[in-house]
Amino acid sequence: MTRLSNDRDLDRRNFLLGGASFAGALAVLPAEAFGQSVRKGVLKYATLGLDTADPHRHTGSIAVQQCYVETLTSIAADGSVEPFLAERFEVSPDGLTYRFKLRSNVKFHNGDVMGAADVAANFERVKTKVKGGWLVSAMKRVVKLETPDANTLAVTLQEPYSPFLNLLSELWILSPKSEGWEETIRTPIGTGPFTFGTWQPKVKLLAPAFADYWKSGAPKLEAVEFDLRDGIDKSLALRAGDVHIISAEREAAEGLEKAGTATISGLKDTSWYFVAFNNRKPRKPFDDERVRRALALAVDKAAFMRFVGGEKGIVTNQVVAPGHLYFDQAGHDADVFRKPNLEQAKKLLAEAGVKPAEHTIEFVSWQEAYAQVAVQMVRKLGFKVNHVALDDIGAQKRLGQYDWDMNAMASGPRSDIFLRYVRLMSDGPNPVLWGGIQDPELDKLIDEAVKEPDATERKATYLKASQRIIEKGYFYVLGHAPSLIAIGKGVKGYDPGFTWACHWASGGVAYATIDA
């Protein structure tokens, strides 16, 4: 076996006794010195919603349930994997067998101690009872589950699958005694720092602290109250003191920071922004790589990313941002589209025999202001542009008809880089934002990366795939910006996760406190 992660001492306590007598020392010691935690305050949290009480059946709402259910692995700040409910894990050199050593004496909220058989039951439930989603696809690759002892789980896959450990960061471990286990879970029993509590769909979830949480000294709060309402102005609620932590658009976040009401942080992973072309059924002249390069050279990436992310906007041609495990500095430095070059763009159009004034670009986007920024930039080449801005469902439908030429889109944080590349495969899920690429050579590169156990080789193969995308002009990355989190001034100890997780191995609500 090759060790991928060592034990991490996440629980550190300082126990200092002083004074003339032991009795006197006991009199002044805080409760924390006896392994107890003094919990104060209810943190009010408003980012994303909660669409189901069954964590195995979520449809994207992964910003709430981590407070009451946890996973074997967690995503670190750089996109790598760190242990969570697993104390450590190992992967065989061929990438087929994963061996997890579970933490001892982890309790479910009903008081039962979590064991390897409970964890295996969650793997089996997702594999056999849940349909659709990234996790189900991963579970279908599992051919054997073994529990040689109460704290060890061995998982064997049918073939190497490098995203596996990252995807397990969304396989929430529940007690098989959870109500509705055989069908749809109605009352999840997890291991998290807070319990499921009282749920009012689309209104709120009140999650009280779990007194027997396995991590010493946590949680530090009495409870977390999640605001699940749609259509409220979260920034006004934070200013009024009705919530403590919110997700915020750039302008609102900057206003809160300027007013001294909040500090602004961001998810560790970023949303990436790009312009893409119709690759499934391209119309002339937009099937010509020279024309696509010309359009990309017309986009002022720095101005675009300033508009999107302000000071936090990042210009790059990489599908991940600096600091990410898979970021390639050399490729970033070699970006020929970093600055706009209208003169070079016009030369490329002349080489292609294209007179821009004779062509209209069918430009599709969501109803986002940044798309209009891109439209105004490509108009500088002389093209006419018919910009169609639609809501989410409308845009997906229109893009899926492949009767357009160009778009400007964004895609949010993902637990593994494969979840970005898989959309670019010929049979990938939801490929419309990237123009429905059909490229067997690109498919082969991505598939090779997925099956490569060696991390260095895997990164090199993904980079080859990225280079091919640029060479073919399928789409061009403009840059990255984090989803912003506004943290009220009275909150301390809270650090946002890699994705929308409110609780992760090294940060989140378990560590948060609020001023009384």
Side-chain donor or acceptor of Ser80 paired with backbone N/O of Ala76 under 3.5 Å: no
Under a 3.5 Å threshold, yes or no: a donor from one side chain and an acceptor from the other, between Ser426 and Asp443? yes
Measuring only between side-chain heavy atoms, which start at C-beta, is Asp335 closer than 4.5 Å to Lys301? yes
Minimum heavy-atom distance Leu48-Val64, with the two atoms named: O-CG2, 3.7 Å
In sequence, state the C-alpha distance, the side-chain angles, and the governing distance for Val432 and Asn430, and then conclude on side chain to side chain contact (heavy atoms under 4.5 Å, CB included). CA-CA 6 Å; Val432 296; Asn430 193 27; 3.6 Å; yes
Among Phe164, Tyr161, Phe89, which residue satisfies the ring pair (Phe, Tyr, Trp, His ring centres under 6.0 Å) criterion with Tyr98? Phe164
In this structure, are over 12 heavy atoms from other groups packed under 6.0 Å from Gln344 atom CD? yes
The side-chain contact (heavy atoms from CB on, under 4.5 Å) partners of Lys380 (sequence neighbours excluded) come to Leu342
Any Lys/Arg nitrogen of Asp54 or Lys129 sitting under 4.0 Å from an Asp/Glu carboxylate oxygen of the other? no
With no hydrogens and no angle check, is any side-chain donor or acceptor of Asp405 less than 3.5 Å from a backbone partner on Glu362? yes
Main-chain N/O of Leu174 paired to Asn122 side chain as donor or acceptor, under 3.5 Å: yes
Parallel, tilted or perpendicular: rings of Trp404 and Tyr402 (30°, 60°): parallel
Between His359 and Phe383, what is the ring plane arrangement, given parallel below 30°, perpendicular above 60°, and tilted in between? tilted
Just by distance, do the side chain of His480 and the backbone of Gln318 share a donor-acceptor pair under 3.5 Å? yes
Between Asp51 and Arg57, does a salt bridge (Lys or Arg N to Asp or Glu O under 4.0 Å) hold up when you go through it step by step? CA-CA 9 Å; Asp51 56 21; Arg57 300 183 190 277; over 6 Å; no
List the atom of Ala321, the atom of Ile314, and the distance in Å for their closest heavy-atom pair. CB-CD1, 4.2 Å
Is the backbone N or O of Trp272 less than 3.5 Å from a side-chain atom of Thr270, with the two atoms forming a donor-acceptor pair by type? no
For Phe123, the ring pair (Phe, Tyr, Trp, His ring centres under 6.0 Å) test, sequence neighbours excluded, returns none
Exercise: identify the closest heavy-atom pair between Asp288 and Ala352: OD2-CB, 3.7 Å
Quick check: closest heavy atoms across Thr71 and Trp172, and the distance to 0.1 Å? CG2-CD1, 3.5 Å
Residue pair Asn279, Lys472: steps toward the side chain to side chain contact (heavy atoms under 4.5 Å, CB included) verdict: CA-CA 10 Å; Asn279 297 299; Lys472 293 292 185 180; over 6 Å; no
More than 12 foreign heavy atoms under 6.0 Å from CD of Glu311: is that the case here? no
Are the side chain of Asn166 and the backbone N or O of Ile75 linked by a donor-acceptor pair below 3.5 Å? no
Is it true that Lys444 and Asp447 make a salt bridge, defined as a side-chain N closer than 4.0 Å to a carboxylate O? no
Would you call the rings of His324 and Phe498 parallel, tilted or perpendicular if under 30° counts as parallel and over 60° as perpendicular? tilted
Once you round to the nearest 0.5 Å, how far does CD1 of Ile487 lie from NE2 of His244? 12.5 Å
As an exercise, state the distance from CG of Leu267 to OG1 of Thr47, rounded to the nearest 0.5 Å. 8.5 Å
Under-4.0 Å salt bridge between Arg398 and Asp403: yes
Side chain to side chain, Val385 and Thr360, heavy atoms closer than 4.5 Å: no
Non-hydrogen side-chain atoms of Ser506 and Glu82 separated by less than 4.5 Å: yes
Mark yes when over 12 heavy atoms from residues, nucleotides or ligands other than Glu183 sit less than 6.0 Å from its CD; otherwise mark no. no
Polar side-chain atom of Ser92 near backbone of Thr97 as donor-acceptor pair, under 3.5 Å: yes
Exam field: side chain Asp227 to backbone Lys44, donor-acceptor pair closer than 3.5 Å: no
Taking the side chain from Arg290 and the backbone from Glu351, do they hold a donor-acceptor pair closer than 3.5 Å? yes
Would a 4.5 Å heavy-atom cut-off, applied to side chains only, mark Pro188 and Gln65 as touching? no
Between the main-chain N or O of Ser169 and the side-chain N or O of Thr73, is there a donor-acceptor pair closer than 3.5 Å? yes
What distance separates Asn341 CG from Leu297 CG, expressed to the nearest 0.5 Å? 6.0 Å
Leu484 side, atom CG; Leu256 side, atom CG - distance, nearest 0.5 Å: 10.5 Å
Stepwise, does the side chain to side chain contact (heavy atoms under 4.5 Å, CB included) test hold for Tyr273 with Met305? CA-CA 8 Å; Tyr273 294 78; Met305 292 312 305; 4.0 Å; yes
Lys234 atom NZ, over 12 foreign heavy atoms within 6.0 Å: yes
Scan side-chain atoms only and decide if Tyr421 and Tyr326 contain a donor-acceptor pair under the 3.5 Å cut-off. no
Val119 and Phe100, any side-chain heavy atoms less than 4.5 Å apart: no
May I ask you to say whether Asp333 pairs ionically with Arg338, meaning some side-chain N is under 4.0 Å from a carboxylate O? no
Kindly indicate whether the side chain of Pro429, heavy atoms from C-beta on, has any atom under 4.5 Å from the side chain of Arg423. yes
Please round to the nearest 0.5 Å and tell me the distance separating atom CZ of Phe226 and atom CD of Gln200. 14.5 Å
In sequence, state the C-alpha distance, the side-chain angles, and the governing distance for Lys346 and Leu381, and then conclude on side chain to side chain contact (heavy atoms under 4.5 Å, CB included). CA-CA 7 Å; Lys346 290 175 181 178; Leu381 291 176; 4.1 Å; yes
Residues in side-chain hydrogen bond (donor to acceptor under 3.5 Å, both in side chains) with Arg414, at least two apart? none
Going from CG on Leu165 to OG on Ser415, what distance comes out if it is rounded to the nearest 0.5 angstrom? 11.0 Å
Kindly indicate whether the side chain of Asn317, heavy atoms from C-beta on, has any atom under 4.5 Å from the side chain of Phe274. no
Lys/Arg N to Asp/Glu carboxylate O, Asp439 vs Arg468, below 4.0 Å: yes
Give a yes-or-no answer on whether the side chains of Thr461 and Glu452 include a donor-acceptor pair shorter than 3.5 Å. no
Looking only at heavy atoms, which two atoms of Val364 and Met409 are closest? And how far apart? O-CE, 4.1 Å
Take a 6.0 Å sphere around NZ of Lys127 and say whether it holds more than 12 heavy atoms from other residues, nucleotides or ligands. yes
Shortest non-hydrogen contact from Pro93 toward Pro453: O-CB, 3.8 Å
Would one find more than 12 heavy atoms of other residues, nucleotides or ligands at under 6.0 Å from atom CZ of Arg293? no
Does Cys67 reach the side chain of Tyr45, with side-chain heavy atoms less than 4.5 Å apart? no
